[in-house]
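Letters A, B, ... are given to chains in the order of the sequence lines, protein chains preceding strands, and every chain is numbered from 1.
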Amino acid sequence: MVQITLPDGSSKQFDQSVTVHQVAESIGPGLAKATLAGEVDGKLVDASYRLDRDARLRIITGRDEEGLELIRHSTAHLMAQAVKRLFPDTQVTIGPVIENGFYYDFARDEPFHPEDIERIEKEMERIVAEDIPVSREVMERDEAIRFFRDQGEEYKARIIADIPADEQLSLYRQGDFIDLCRGPHIPSTGKLGAFKLTKLAGAYWRGDSRNEMLQRIYGTAWPDKKQLKGYLKRLEEAEKRDHRRLGRQLELFQFQEEAPGAVFWHPRGWTLFLTLIDYVRKRQRQAGYVEVNTPDVMDRGLWEISGHWQNYRENMFTTQTEDERVFALKPMNCPGSVAMYKQGLKSYRDLPIRMAEFGKVHRYEPSGALHGLMRVRHFTQDDAHIYCTEEQMEAECRKVIELNLSVYRDFGFDDVKLKFADRPESRIGDDATWDKLESALKGAIDGMGLSYDYNPGEGAFYGPKIEFVLRDAIGRDWQCGTLQVDLNLPERFDATYRTAEGGEKRPVMLHRALLGSLERFTGILLEHHSGNLPLWLAPVQAVVMNITDAQADYVARVASELEQAGLRVETDLRNEKIGYKIRGRTLEKIPYLLIAGDREVEAGQIAVRRRDGTDLGAMAVDDLIERLRAEVANRGTIDDNERQGNE
RNA sequence: GCCGGUGUAGCUCAGUCGGUAGAGCAUCGCAUUCGUAAUGCGCAGGUCGGCGGUUCGAAUCCGUCCACCGGCACCA
């Protein structure tokens with residue numbers, strides 16, 4: 001007698017042992033067909049798993065999160081089987097589930113080509129049609145190693161060698177294909193079908209660039225075709241909000257071959273950039289910062305003192321002048337900042353000194369890392385260095401965190417995560433100092449009751465850090481601000497302050513960035529809003545247009561009134577139909593289109609149309625100004641739906 | 001940096017088998033003076049990413065370099 005308890009609390013009796021699948025059958029044929037696996041007493045098992053004693057059972061189908069993972073995992077196996085059929089000389093390695101899909105890494109002399117992908121997909125479909133049963137078997141470790149070696153699967157043998165000796169090895173067989181796998185898997189290949197292979201890539205064995213490169217194929221898989229289609233549609237939508245595309249469409253910036261990783265800002269893009277700086281500058285001033293500026297090119301000696309020459313050399317642009325002096329373009333602002341701190345004597349009464357700088361830094365990023373505005377070689381940081389006493393350190397950290405979070409809120413990012421990164425392998429300073437810094441920084445976050453993720457070994461070479469990670473409208477994470485505490489640079493530069501007792505002490509130095517790279521933040525904003533920037537950020541906030549030449553003077557007058565009121569306005573007096581002008585300006589994602597015909601001129605009004613197509617009717621110019629000013633002041637978006645894209 | 005792919009007019013893209021290039025939109029000109037997402041007609045626009053090679057002849061084939069795209073590695 002076996003008693004199986006189901007999630008709804010009901011239970012079923014069986015005379016003898018039953019499989020998960022049989023239990024499903026006893027409930028209904030529809031469920032039996034949909035069954036992919038089971039969860040027995042909290043543990044995932046195959047549908048063929050036999051229950052021989054009382055247990056709690058949950059049937060897993062494509063509707064469950066676990067079911068979806070199973071589908072993806074089994075589709076990865078399906079792909080591997082197809083690849084082995086078509087390219088028998090290929091070795092399989094690993095094939096995990098990832099967000100929205102899976103990948104599988106193959107070892108092969110000849111790389112895959114896009115045409116191969118189509119063939120592999122076709123072969124996968126064939127295997128699905130064959131509806132091959134998937135079965136599990138357990139093998140001894142040595143036997144398994146021998147088994148895979150015999151088949152020329154060296155990588156599998158290496159993977160097994162790394163599995164702890166006490167762990168049971170399971171193999172999954174589907175027809176002619178056998179793979180080492182923890183499982184569970186779907187019962188037969190016929191359960192799959194809604195998949196697509198998406199990307200081809202090289203990937204290092206075990207993720208280490210010193211190892212050989214494998215051929216990775218990415219794919220996506222879903223319980224049904226409809227969900228697959230939905231996913232592919234979402235990918236398309238995401239492409240539309242690509243900031244590189246928007247940058248061209250909205251005439252914000254350009255890139256050029258001669259300057260890889262460097263931005264050419266067009267008037268509209270630069271207006272946006274300056275708007276960000278204005279905003280940050282204002283917030284910093286209110287928070288007690290002063291603003292400074294330090295040189296871009298400084299002597300090698302300075303970088304030797306700071307440790308950059310030893311720790312960061314391969315990322316630095318250098319230049320040599322005729323007199324043989326070696327200079328470096330600053331990859332960070334901190335050494336210049338300390339140099340400035342050291343000018344003249346500092347008293348404990350001066351501290352904390354909060355020194356901000358919109359410094360343009362230059363980092364020689366690997367060519368393959370460059371990506372639009374998101375990863376460039378020359379970028380502007382909204383950087384600051386705070387010099388304070390050890391006693392002030394925690395309070396200063398807290399203020400930085402508060403300021404950062406408040407600023408992100410103003411940009412509409414409410415979902416912000418903190419990551420704590422501690423000492424990296426390559427670093428300066430002794431362990432006692434690091435202990436002190438790490439615990440102080442951690443204390444500041446804990447004291448604020450904030451939660452954080454832990455990022456071991458990811459700190460800066462001079463100190464531990466907190467990273468601020470923003471989640472955008474389509475769920476992607478972006479690291480923006482950072483906060484780092486540092487005793488090392490003050491030490492290396494021998495920075496001091498006069499204490500109340502008349503002695504000398506080292507200040508603590510906090511490094512912090514708010515938006516991080518302004519270039520990158522611009523890109524994030526563009527993608528977050530699909531280019532529909534909120535009024536306060538839009539480079540051109542309104543375009544005033546006439547219907548016929550008769551209103552040209554009036555339009556110019558209205559535009560200048562709006563400009564007087566501090567708005568960014570353009571006119572469109574072209575001899576074109578109003579529908580044509582509206583279409584063009586809408587595609588430019590201008591927030592407000594203001595139209596004057598004879599009616600408006602007569603009434604001294606202006607007709608107002610919003611970017612999303614809403615007609616606000618005619619209103620007096622003063623009323624419009626009041627309205628726009630209010631919208632700028634509260635940093636509102638015209639319409640939150642616009643974030644979803646409006647094309 | 002590594003693997004794969006791509007590079008043709010300002011933009012988006014077509015170009016067969018190697019026979020010195022084509023569309024739409026935009027620009028410009030003319031006509032039109034018009035009421036909320038495209039008025040009509042016309043002109044002009046290209047070192048086919050750079051360099052080298054094969055060939056009677058190269059956008060097309062080969063080599064090499066550069067940039068970009070998708071990943072990997074990197075992101076102090």
Between B:U36 and B:G29, how far is it from one C1' atom to the other, in whole Å? 28 Å

I need the single residue from A:Phe255, A:Phe379, A:Phe521 that forms a side-chain contact (heavy atoms from CB on, under 4.5 Å) with A:Leu373. Which is it? A:Phe255

Tightest non-hydrogen contact, residues A:Arg210 and A:Asp208, listed as NH2-OD2, 2.7 Å

Closest to side chain of A:Lys577, choosing from B:C34, B:G71, B:U36: B:C34

Regarding A:Asp422 and A:Tyr454, is there a side-chain donor-to-acceptor distance under 3.5 Å anywhere? yes

Using a heavy-atom cut-off of 4.0 Å across all strands, would you classify A:Ser209 as base, sugar-phosphate, or nothing? sugar-phosphate

Taking the P atom in each of B:A26 and B:G5, what is the distance between them to the nearest angstrom? 36 Å

Below 4.0 angstrom, N of the basic side chain to O of the carboxylate: do A:Glu602 and A:Arg599 qualify? no

Under 4.0 Å: is that the gap between some side-chain N or O of A:Tyr364 and OP1 or OP2 of B:C74? no

How is A:Asp598 classified with respect to the nucleic acid when contacts are heavy atoms under 4.0 Å: base, sugar-phosphate, or nothing? base

A:Arg583 side chain near B:U39 phosphate (N/O to OP1/OP2, under 4.0 Å): no

Look at A:His371 and B:G70 and indicate whether a side-chain polar atom (N or O) is within less than 4.0 Å of OP1 or OP2. yes

Any side-chain donor near an acceptor of the partner, A:His243 and A:Glu527, under 3.5 Å: yes

Rounded to whole angstrom, note down the C1' distance from B:G52 over to B:A9. 26 Å

In whole Å, what is the span from the CG atom of A:Leu373 to the C1' atom of B:C75? 16 Å

Under the 3.5 Å Watson-Crick or G-U criterion, the dot-bracket string of RNA chain B, with | for inter-strand pairs: (((((((..((((.....[..))))..((((.......))))......(((((..]....))))))))))))....

A:Arg599 has a side chain; which of B:A73, B:C68, B:G35 sits nearest to it? B:G35

Using the ring of each side chain (for Trp, its six-membered ring), is A:His77 parallel, tilted or perpendicular to A:His73, with breaks at 30° and 60°? perpendicular

Is it true that A:Trp205 and A:Tyr155 have ring centroids separated by less than 6.0 Å? yes

For A:Arg244, which contact category applies under a 4.0 Å heavy-atom criterion: base, sugar-phosphate, or nothing? sugar-phosphate

Starting at CG of A:Leu370 and ending at P of B:C66, how long is that distance when rounded to a whole Å? 13 Å

Centroid-centroid under 6.0 Å between A:Phe106 and A:Phe87 rings: no

Could you state the atom-to-atom distance from CD of A:Glu258 to P of B:C66 in whole Å? 14 Å

Does A:Arg611 make a side-chain N or O approach to OP1 or OP2 of B:A37 shorter than 4.0 Å? no

Pairwise P distance for B:G22 and B:U47, with rounding to whole Å: 15 Å

Nearest atoms (heavy-atom pairs only) where A:Pro335 meets A:His308: CG-CE1, 3.8 Å

Rounded to whole angstroms, how far apart are CH2 on A:Trp205 and C1' on B:G71? 19 Å

Return whichever of A:Ala607 or A:Ala460 has its heavy-atom-nearest nucleotide of RNA chain B closer to the 5' end. A:Ala607

Integer-rounded Å distance: B:A26 C1' and A:Arg574 CZ: 11 Å

Criterion side-chain hydrogen bond (donor to acceptor under 3.5 Å, both in side chains) against A:Thr380, the qualifying member of A:Glu519, A:Arg520, A:Lys360: A:Glu519

Please enumerate all protein N or O atoms sitting under 3.5 Å from an N or O of nucleotides 9-15 of chain B, with distances to 0.1 Å.
from	atom 1	to	atom 2	distance (Å)
B:U12	OP1	A:Arg248	NH1	2.6

Salt bridge check, A:Glu304 against A:Arg300: does any charged N sit closer than 4.0 Å to a carboxylate O? yes

Could you list all N or O pairs between the protein and nucleotides 2-7 of chain B that sit under 3.5 Å apart?
from	atom 1	to	atom 2	distance (Å)
B:C2	O4'	A:Tyr204	OH	3.4
B:C3	O2	A:Gly202	N	3.3
B:G5	OP1	A:His113	ND1	3.2

Can you tell me if the side-chain N/O atoms of A:Lys199 get under 4.0 Å from OP1 or OP2 in B:G71? yes

Between A:Ile117 (CD1) and B:G71 (P), how many Å, whole number? 14 Å

Taking only the P atom of each, what is the distance from B:G10 to B:C28 in whole angstrom? 15 Å

Here's one to test your reading of the geometry: is the NZ or CZ of A:Arg313 within 45 degrees of the ring axis of A:Trp303 and under 6.0 Å from its centre? no

Pick the C1' atom in B:A14 and in B:C30, then give their distance to the nearest Å. 31 Å

Nucleotide B:G40, atom C1' - distance to CD of A:Glu576 in whole Å: 11 Å

Rounded to whole Å, the CG-C1' distance (A:Asp549 to B:A31) equals 14 Å

Expressed as a whole number of Å, how far does the C1' atom of B:C61 sit from that of B:G18? 8 Å

Hey, does the side chain of A:Arg609 come within less than 4.0 Å of B:A37's phosphate (OP1/OP2), counting only N and O? yes

Ion pair present between A:Glu588 and A:Arg583, side-chain N to carboxylate O less than 4.0 angstrom? no

Against the side chain of A:Arg216, the closest entry in B:C72, B:C68, B:U36 is B:C72

Assuming nearest nucleotide by heavy-atom distance, tell me which of A:Gly372 and A:Arg375 is located more 5' along RNA chain B. A:Gly372

Nearest to the side chain of A:Tyr580, heavy atoms from C-beta on, is which of B:G35, B:A73, B:U27? B:U27

Can you tell me, in whole Å, how much space there is between the P of B:G40 and that of B:G35? 16 Å

Which value, rounded to the nearest 0.5 Å, describes the distance between A:Lys417 atom NZ and A:Gln479 atom CD? 12.0 Å

